[in-house]
Amino acid sequence: MKASLLTILLICFTWNVQAKFYEGTVYLKSGEEKTGFIGSFMEVNIWKKLKPGSKITDEFNLNDATIKFRAARDSEETIKIAADAIREVVFNEGPFAGGIYRPLFVGGVNKHGELELSSKRVWLPLSVDDRIKIYSYKITESGRNGSGSSYMHFLQHPDHDYAIQPLSELGLFQMKGEVITEIALNEMKLLMEDCPEAYAGLEEMASKFKVKEERKKMRKKLKGMRTEAMQNFLSAYPDYGMSLRMFANYYWIICDAMAHYNRECQ
């Protein structure tokens with residue numbers, strides 16, 4: 001199926017285009033907490049086509065600069081709270097009950113090794129709350145031959161105010177071309193910048209992949225690593241769901257590095 005034939009549909013919140021408010025708590029960066037009813041980025045119909053070459057964070061209603069808050073469900077007074085002032089939002093009811101959403105800048109590393117971030121914060125749903133945070137959005141790809149679901153993942157260093165959206169399936173050693181390899185490796189270096197030993201193995205493999213004689217050996221070696229890497233990573237999260245399993249399937253090549261960072265790096 002060609003990429004131009006795909007329609008990517010984000011399935012997140014509610015089918016009702018009318019504004020809805022759901023019970024939850026807003027945690028502000030100041031330390032203040034506001035418990036009441038929250039509306040905003042979950043209000044609109046989310047069936048929407050993603051244009052070829054466009055970014056999901058631009059096309060979908062994920063980057064509201066404010067959220068709406070009411071002290072009571074039927075209150076006539078609605079206030080707006082700036083995303084810049086919010087640490088996270090936790091919902092207690094509705095189709096996303098128990099969901100934790102954080103407004104973060106998102107981006108990645110370009111071919112020059114420079115970090116490029118979105119101009120607006122994007123509301124990301126927390127999937128794994130470990131030292132390296134994982135945020136996941138479920139999407140559906142639909143085309144002439146049917147449709148299927150997958151996930152879009154973002155990774156966050158514990159001290160960063162932004163999350164990295166890795167290259168598709170990382171592509172660290174599977175895509176052709178040194179530029180792709182360097183971009184992916186630089187993203188992992190940025191994600192684990194305070195613990196070089198965590199990504200040392202990735203760096204060594206990337207270096208070997210640049211040597212033609214070593215490339216074939218590495219590809220053969222990597223074929224047998226996928227299942228073990230996935231299992232070792234998922235064993236740390238006994239209650240993992242489909243989103244984390246899909247993450248391990250997409251990005252298995254970095255699972256050992258992430259596990260090392262989460263366990264060993266302080």
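Just so you know, these numbers come straight off a predicted model, no measurement behind them. Any value given below was found using the heavy atoms of this structure, including those in side chains, with hydrogens, waters and symmetry copies removed. One is the number of the first residue; the rest follow in order along the sequence.
A heavy-atom distance below 4.5 Å is found between the side chains of Asp194 and His157. Residues Asp129 and Ile100 have side chains not in contact (no heavy-atom distance under 4.5 Å, counting atoms from C-beta outward). You'll find the side chain of Val109 stays beyond 4.5 Å of the side chain of Lys189, heavy atoms only. No side-chain heavy atom of Phe154 sits under 4.5 Å from any side-chain heavy atom of Leu104. Residues Tyr251 and Leu155 fail the side-chain proximity criterion, which asks for heavy atoms closer than 4.5 Å.
Sequence neighbours left out, not one pair with a member in residues 252-266 passes salt bridge (charged side-chain N to carboxylate O under 4.0 Å, His left out). Each salt bridge (charged side-chain N to carboxylate O under 4.0 Å, His left out) pair with one or both residues in residues 81-109, not counting sequence neighbours, appears once here: Arg73-Glu93, Asp84-Arg121, Glu88-Arg102.
Considering every non-hydrogen atom in both Cys265 and Glu197, the closest pair reads SG-OE2, 4.3 Å. Ala198 approaches His260 most closely through the heavy-atom pair CA-CD2, 3.5 Å. Of all heavy-atom pairs between Ala72 and Phe37, the closest is C-CD1, 3.5 Å. Minimum heavy-atom separation, Leu126 to Val128: CD1-O, 3.5 Å.
One finds the CG atom of Leu190 at 11.5 Å from the CG atom of Leu185 (value rounded to the nearest 0.5 Å). Separation of atoms CD1 (Ile38) and CD (Glu23) is listed at 9.0 Å; rounding is to 0.5 Å. Note that CH2 of Trp123 and CG of Asp64 are 8.5 Å apart. Values are rounded to the nearest 0.5 Å. Rounding to the nearest 0.5 angstrom, the gap separating the CD1 atom in Ile134 from the CG atom in Leu124 is 12.5 Å. Atoms CG and CE, from Leu202 and Met258 in turn, are 11.0 Å apart once rounded to the nearest 0.5 Å. In this structure, Met188 CE and Ile132 CD1 are separated by 8.0 Å, a value rounded to the nearest 0.5 Å.
No donor-acceptor pair closer than 3.5 Å links the side chain of Glu228 to the backbone N or O of Asn232. Here the side chain of His160 pairs no donor or acceptor atom with the backbone of Tyr162 at under 3.5 angstrom. No donor-acceptor distance shorter than 3.5 angstrom exists from the side chain of Thr25 to the backbone of Val90, with no hydrogens or angles considered.
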Using distance only, find each side-chain donor-acceptor pair of residues 237-247 under 3.5 Å and give its atom names and separation, not counting sequence neighbours.
unit_1: Tyr237; atom_1: OH; unit_2: Asp130; atom_2: OD2; d: 2.6
unit_1: Tyr237; atom_1: OH; unit_2: Asn262; atom_2: ND2; d: 3.4
unit_1: Ser243; atom_1: OG; unit_2: Ser127; atom_2: OG; d: 3.2

Would Asp161 and Gln156 count as a side chain to side chain contact (heavy atoms under 4.5 Å, CB included) if you check the C-alpha gap in whole Å, the side-chain angles of each, and the deciding distance to 0.1 Å?
CA-CA 8 Å; Asp161 195 26; Gln156 183 194 18; 5.6 Å; no

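Annotation for Glu77: atom CD does not count as buried by contact number, only 12 or fewer foreign heavy atoms lying within 6.0 Å.
With sequence neighbours excluded, the residues satisfying side chain to side chain contact (heavy atoms under 4.5 Å, CB included) with Lys120 are Asn63. Considering only residues two or more places apart in sequence or on other chains, Phe105 meets the ring pair (Phe, Tyr, Trp, His ring centres under 6.0 Å) condition with none of them. For Pro158, the side chain to side chain contact (heavy atoms under 4.5 Å, CB included) partners are Arg131, Tyr261, not counting sequence neighbours.
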